Structure formats: structure tokens, C-alpha cells
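A short write-up of the structure that comes next.
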Amino acid sequence: KDDFVGHQVLRISAANEAQVQKVVELEELEHLQLDFWRGPGQPGSPIDLRVPFPSLQAVKVFLEAHGIKYTIMIDDVQTLLDEEEEQMTAFKTR
Amino acid sequence: AASTDTFNYNVYHNLDEIYGFMDMLVAEHPGLVSKLEIGKTYEARPIYVLKFSTGGNNRPAIWIDTGIHSREWVTQASGIWFAKKITQDYGNDPGLTAILDSMDIFLEIVTNPDGFVFTHKKNRLWRKTRSLTAGSSCVGVDPNRNWDAGFGKTGASSNPCTETYHGKFANSESEVKSIVDFVKSHGNFKAYISIHSYSQLLLYPYGYTKDPAADDAELEGLAKSAVTALASLYGTKYKYGSIFKAIYVASGSSIDWAYNQGIKYSFTFELRDTGRYGFLLPASQIVPTAQETWLGLQTIMNYTRTHLY
């Protein structure tokens, strides 16, 4: 199974169309392996982005450099996946 | 599980367990539930639809699908709960009984089986189908960009390596074409509801154009009623609107195709949550999510029954 240790999900708040376009630019950078959980839409509507650990620094620098606000929605994706897996395994064991 | 009464609705299940549940439900309610195979996936898995019918011939019908995006696990889990709920409520709940006394309900619980198996075995966050694209090392097509409605326009990607890749041509995915052929051959669907997660939205056409649908005002009014009913249980707040207005331009979507087929009451639900767990919603929230969504579904189904066209 693929693991997502260190992957974070960022909640990005693009304040205007220009900032939305900046985030759209990120989408084109395939080497970052970004996964939009909620894609760029109207300014003000949240954009949720899963960022692999190796790309985290670059993405955060990019957002901060363009004054685009973000929060960390999920600190480590693998932690949630492990909890989900444990729950399913416990059920099967029972 | 020995029966659908002892089946555990509070945990996530894999494909075999869900298909096993479907067989149990059919065996327990042979006069109400039947299982149809409408096609095969790219990897040759059967695609099953549950039909809930109390008789008649080609009655006006309601389509509900869950799990077209495989990682949205709370939707398939909710679909299981809906199936059980229908069998429990028929004969007991006047609203649902009235619907099934004059209409049929078709429910496809695992609409992207290949992708769903892949989320269990390899990549929990897989969204697309598992078809191979000639000339590309990337796998899969976004099954909700592959429908013949604004296909290939803005709001989908032509790059096979992206999550919103629309595929080489409309209905290229057998998971999509199976539904298209089934709905067209049935010819009497009056409502089409596709269930996704997440972000707590109730959406209606269009996504591929900002032009409002001909029935925009009616769809908006019905969406408002549905989200009000949904919120009445746990206070879960939904927004509603056309795909284009509420979120972004999205082409090739199932409900745009359904609406253009003349199925007026076409909606997409985006279930919980708004941004704490995303696709990784804890299993403890499956049943509450299904319960509240059912109230929204019932609003749409009741309205459809009393506003046949």
C-alpha cells in the first residue's frame, strides 16, 4: 500500500481571482505530485490541497511569497489512514 | 454478517463485503429488491445496481449512485445504509411507501468498483477509474468528467496524469457507458442523484456553462427544501446552487448529462465534511451522515413523485 507519511492537507484561502490563478499555476507543476481535494473555484471558497512531504516546503514558500493564506487541515494524512485501518481491522477481528 | 440486520453499518467495508450485503438484501426481500448487472468495469468486475420495485412495468424511476469517485468512502457506506433503509421503510413510512407504490428506485452503491478495490489494496486516495491510456504511463479517467455533456470543455483536463482527466472521448469508461446505456434503454427516469463527498453542497446543472438551466428556479427551490430537511436532524449546514455558481466550472459531469437527457430533477450531493477530515471521514460519522442525507433524498424523491412530467 502507498503510504502518506508526512503528507499534509492545506486549506488555502485565495482572496481574489489573481490568487486563485496562482494556485491554478501550482496545479500544473506535476513534479510536486499535488492532489487537489477541493479544486480552485470562486475566490473565497476553500481550496484543499494534499501535499506530499517532499513538496511541502516549496508549496508553503510559494503561497507565503504570494501572500496567499493557508492553514493545515490535516497534519499527517498517514495518521488518519492508520486510524481508519485499525478500525476496520478491529471490526474484522471481532 | 449473517443478515442485513447484523451487518455493521458503522464501519467501512470492502467490495466483497458490499456485494455480499447486496446479495443478502435481495435474498431477504425477493418481492422488493433485485440485483441487476448493467455492465463490466475496465478490469472486468461486474457493475451491480439494486432495483427497488413493487411491481408495474417500466414505472417512472429515480436513479441514485454513490462512489463514482472511489476515495469518497462515506458515499458507498451511505449507499449501503440507504438500501437497508428503503427495505425497512417500505410499508412503514408513508412517504417512502407512496414513492415505491408508484415509482421504482435504482441504487448503484459502488459506481467505480476498480477504483474502490484500488483504494483498499494500494492507494486509499485513488479517485479515478483504472483504465490505461495509450501513450501515457498514467492510469485512470475521472468518471465524472467523462459524460457527454460539455465533454472536453473547460472544467476538465486533457492530461492523463491529472485527477480530472476527461478521457479520450465521452463515455470512454465502461463504468460510465454502462449507466448511459441503462438509463437510455429504461427511458423513464425522472430524477438522477449522484452522491459525492466532501464539502456539504447540493448541486444542480449546469457545471459546463454559466448559463442557467431552463428549470433553474425550480431546482433551486427544491435544493433549498432538501438542504433544510437535511439540516433538521443534526444541523449540518449545506450550501446549494448550480455546479458552476457554487464551486467551479466542471465539464462532462453526470448530472449535466442526465439533465440534458430530460431528467429534470438531477442533483449532486457533496456529503460531510467541510474541512476537518475531508475524504478520511471517521467511520463513526457514517450513519449520522447517511441519516441526514436520507432526509434530503426523501425531499427530492417526494417532490419528484408529486411533480411527474
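Nothing here was measured: the structure is a model prediction, and the numbers come from that model. Throughout, a chain's letter reflects where its sequence line sits, starting with A, and its residues are numbered from 1.
At a heavy-atom cut-off of under 4.5 Å, chain B is reached by no residue from residues 57-70 of chain A. Residues from residues 18-32 of chain A that place a non-hydrogen atom less than 4.5 Å from a non-hydrogen atom of chain B comprise A:E30, given in numerical order. Residues of residues 40-51 of chain A having a heavy atom under 4.5 Å from any heavy atom of chain B, listed by number: A:P40, A:G41, A:Q42, A:D48, A:R50. Against chain A, the residues from residues 7-18 of chain B that qualify, each with a non-hydrogen atom under 4.5 angstrom away, are B:N8, B:N10, B:V11, B:Y12, B:H13, B:N14, B:E17 in number order.
With a 4.5 angstrom heavy-atom cutoff, A:M73 touches chain B via backbone and side-chain atoms both. Interface residue B:K122: backbone and side-chain heavy atoms are both found under 4.5 Å from chain A. In this structure, the portion of B:R71 lying under 4.5 Å from any heavy atom of chain A is its side chain and not its backbone. Using a 4.5 Å cut-off between heavy atoms, A:F4 touches chain B through its side chain atoms alone. Proximity to chain A involves both the backbone and the side chain of B:Y277, based on heavy atoms less than 4.5 angstrom apart. Heavy atoms of A:R38 lying under 4.5 Å from chain B belong to its backbone as well as its side chain.
Annotation: maximal heavy-atom pairing with chain A below 4.5 Å, among B:G278, B:A283, B:G275, occurs at B:G275. Interface check for chain A: of the options B:I247, B:T162, B:V249, the most heavy-atom pairs under 4.5 Å are formed by B:I247. Contact count against chain A (heavy-atom pairs under 4.5 Å) is highest for B:S199 among B:P282, B:A250, B:S199. The candidate with the highest count of non-hydrogen atom pairs below 4.5 Å against chain B, out of A:D3, A:V9, A:L34, A:D35, is A:D35.
Taking 4.5 Å as the limit, every side-chain heavy atom of A:F36 sits out of range of all side-chain heavy atoms of B:T164. Using a 4.5 Å cut-off on side-chain heavy atoms (C-beta onward), A:V77 and B:L125 make contact.
In summary, B:R124 and A:E84 engage in a salt bridge, as defined by a charged side-chain N under 4.0 Å from a carboxylate O.
Shown here is B:K245, whose NZ atom has more than 12 heavy atoms of other residues, nucleotides or ligands within 6.0 Å. Residue A:F91 qualifies as enclosed at atom CZ: its count of foreign heavy atoms under 6.0 Å is above 12.
Listed for the A:K1 side chain is no donor-acceptor partner under 3.5 Å among the backbone atoms of B:T119.
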